[in-house]
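Let me begin by presenting the structure, written as structure tokens, before commenting on it.
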Amino acid sequence: MNIPSELKYTKDHEWVRIEGDIATVGVTDFAQSELGDIVYVEVETLDETLEKDEVFGTVEAVKTVSDLFLPLSGEIVEFNTALEEEPEKVNSDPYNDGWMIKIKINNPAEVEALLSSEAYKELVGA
């Protein structure tokens, strides 16, 4: 299982890459493998400001639909539009081409509550 050490993680199986005041968010390798083949990613919250833990979208796999929870409070400034045509990128490359959104972070202190790669490995038993 791929759990890059430079990223932060949530208990909801999302990863977060922090670059200045922008956070890139996607679902983890563990999450995509549990979901199975992803057929649709929906994010209707572009340009909205949401609080941490609010639902920002959904991911639909062959067998299930799951809500996506915002790991940090902020404005959703970008959606990976490539996922509209190729949602399977979430399965094939969850940490790069399969990213979902970018957030302009409102509260940098929330970053401290995210899990390290070591804590996430413990969570998923890796």
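Everything numeric in this text was worked out from a predicted model, so none of it was measured.
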Tell me, do F56 and E48 make a side-chain contact under 4.5 Å, heavy atoms counted?
-> no

Under 3.5 Å, is there a donor-acceptor pair between the side chain of Q32 and the main chain of P94?
-> no

Interatomic distance, CD@E44 vs CD1@I76, rounded to 0.5 Å, equals 11.5 Å

What is the distance from atom CG of D29 to atom OH of Y95, rounded to the nearest 0.5 Å?
-> 5.0 Å

S117 (side chain) donor-acceptor with I3 (main chain) under 3.5 angstrom | no

Say whether, by atom type as modelled, one donor and one acceptor occur between the side chain of W99 and the main chain of R17 under 3.5 angstrom.
-> no

About how many Å separate CE of M100 and CH2 of W15, when rounded to the nearest 0.5 Å?
-> 9.5 Å

Can you name the one residue among I103, I105, D53, V111 that meets side-chain contact (heavy atoms from CB on, under 4.5 Å) with P71?
-> I103

Do N106 and D21 have side chains that get closer than 4.5 Å, going by heavy atoms?
-> no

CD/E60 to CG/D37 distance, rounded to the nearest 0.5 angstrom?
-> 12.5 Å

Check: A82 main-chain N/O paired with N80 side-chain donor or acceptor under 3.5 Å = yes

Between CD of E42 and CG of D67, what distance do you get to the nearest 0.5 Å?
-> 10.5 Å

Please determine, by modelled atom types, if Y120 and T28 share a side-chain donor-acceptor pair under 3.5 angstrom.
-> yes

Does any non-hydrogen side-chain atom of L72 lie less than 4.5 Å from one of V16?
-> yes

Checking S33 side chain against F30 main chain: does a donor-acceptor pair fall under 3.5 Å?
-> yes

Looking at H13 and V124, what are the two nearest heavy atoms and their distance?
-> CE1-CG1, 3.7 Å

Using a 4.5 Å cut-off on heavy atoms from C-beta on, say whether the side chain of V27 contacts that of L68.
-> yes

Are K121 and E118 close enough for a salt bridge, meaning some N to O gap below 4.0 Å?
-> no

Return yes if some donor-acceptor pair links the side-chain N/O of N91 with the main-chain N/O of I38 below 3.5 Å, else return no.
-> yes

Should L123 and L115 count as side-chain neighbours, where that means a heavy-atom distance under 4.5 Å?
-> yes

Hphob cluster co-occupancy, M1 + L7, side-chain heavy atoms under 4.5 angstrom = yes

For residues E14 and F69, determine if any side-chain heavy atom of one lies less than 4.5 Å from a side-chain heavy atom of the other.
-> yes

In terms of heavy-atom contacts, does CD of E51 have more than 12 from other residues, nucleotides or ligands at under 6.0 Å?
-> no

Around atom CD of E85, are there more than 12 heavy atoms of other residues, nucleotides or ligands at under 6.0 Å?
-> no

Given the options I101, V25, T45, L70 meets side-chain contact (heavy atoms from CB on, under 4.5 Å) only with I101

Under a 4.5 Å cut-off applied to non-hydrogen side-chain atoms, are S66 and L35 in contact?
-> yes

Between CD of E110 and NZ of K52, what distance do you get to the nearest 0.5 Å?
-> 6.0 Å

